[in-house]
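Whatever order the structure lists ligands and atoms in, that order sets their numbers, starting from 1. What's counted below: heavy atoms across the whole structure, side chains too, no hydrogens, waters or symmetry copies.
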Amino acid sequence: MSPCNVFYGTLVHSLSITELEIITNGVLVVDNGVIVHMERNVEDVDAYLQKNEIKDYNLHRLNASQFIVPGFVDTHAHAPQYVFTGSGMDMQLLEWLNTYVFPTETAFKNVEHADKAYTTAVSRFLRNGTTTCSWFATIHLEACQKLTDIIENLGQRAYIGKVNMDQNAPDFYIEETDASLKNTRTFVEYVQKKESKLLTPVVTPRFAITCSSRLMNGLSEIAKEYDVPIQTHLCENPDEIQFTCSLFPESKDYTAIYDDHNLLGEKSYMAHCVHMTDDEIKMLADRKTGISHCANSNFSLHSGVCDVRRFMESGVKVGLGTDVAGGFAPSMLDAIRSTFFASKTIKVLKRDGMLKGGDDYVPLSPAELLYLATMGGAKVLGLQDTIGNFEKGKAFDALWVDLENDGGVDLMGMESPYQKVQKFLFNGSDKNLLHVYVQGRRVAGAASA
Ligand SMILES: [Zn+2]
């Protein structure tokens, strides 16, 4: 048996969307990747360990510029698109897909290319503190298996999806319906056979435009049969919505298209949801389907500004996504900041009468932003009992933050603990992440060891 790891110092985590708890003199005892003790206000850590008969341990003492926070959960990112991140940001969605996305993703039929690109992408996300990520890959089975192997080796907690598309796609990047379904089964079985507690296959129709009814029905059957989640895109951009609805005139709106194909449920989550009617939001709430709010992408491809508070107040689960490379930043700190700007934009539009709702709208607070990037994402992925905060029994997926590590933050000595957290959220960077842990294993970090 290897010794426990004991962390003693400031712990920061969300108890609920409105309750950010900052524990000074906190103790976390991690055994075999799991939090076995969490204690508040401990004056003497040695006495605490003795009292609890914890004998075999490594003690890590945090200093006053350091704290531990749950690892970030990115609920929506495209691994192959990392290779062209930042390109084509002058375009909007459908033009950008045809110009950059489809040609780039086609190259992933070459597994060697996939190996290099995916290793780079996943390493970068880990360095930025994304301990859990829900990935879209491409349509290519072998490259999807390669991505799974890479993530397993690098140690990230991940949901991994082989993308499906059998219509309205270029000749060089499209599948036959039967082959798409067969390869999806093979991929799901490939991931499940690993029996890894960190890896989950996710059924991934790209979006309704590129999926026939037969494909979507087949995919919902696969998700049910293997009991795996479903991810896709929904209501991202006005042109996309119009085109989508024209393809499925028998469904009453875009959200109903997925519902009519049995793709909405408790294990489903939808990226974007920028332009939704009250009826569509109610349908997501009724089906217990979550959303991934991707504010950087929504600004960058000028898709629109999503009012996530509207979803939260309707009882829809909300997490954050980078949507690399519709969003240009592979960082959840950026997702937090973009979400902050989106929320402030909604506030201004309502105040000035350009959106209905009046002047009493409350933008998201820093506590809410941190919740959405951790616990909110965990709930969207159905991982609320596994990660998201430091409750006893959860996995130790965490970031050891050091504000003195030249990561863009200057401490002046007068900051309250809450101000330190805010300085990290708004000015911090990967250099402030000394250690990044997934299930207790150190998988990245700015510290040399
Ligand atoms: Zn996306």
Taken by chain and residue number, the protein N/O/S atoms under 2.8 Å from the Zn ion (ligand 1) read His76 NE2, His78 NE2, His233 NE2, Asp323 OD1

Relative to the ring of His272, is the ring of His233 parallel (under 30°), tilted (30 to 60°) or perpendicular (over 60°)?
parallel

Donor-acceptor contact present, side-chain Glu21 to main-chain His13, <3.5 Å:
no

Of Glu240, Glu105, Glu236, the one forming a salt bridge (Lys or Arg N to Asp or Glu O under 4.0 Å) with Arg206 is Glu105

Is it the case that more than 12 heavy atoms not belonging to Asp406 sit under 6.0 Å from its CG atom?
no

Would you say CD of Gln419 has more than 12 non-hydrogen atoms from neighbouring residues, nucleotides or ligands within 6.0 angstrom?
yes

Applied to residues 305-355, the ring-ring contact (aromatic ring centres under 6.0 Å, His included) test, sequence neighbours excluded, yields Phe340-Phe426

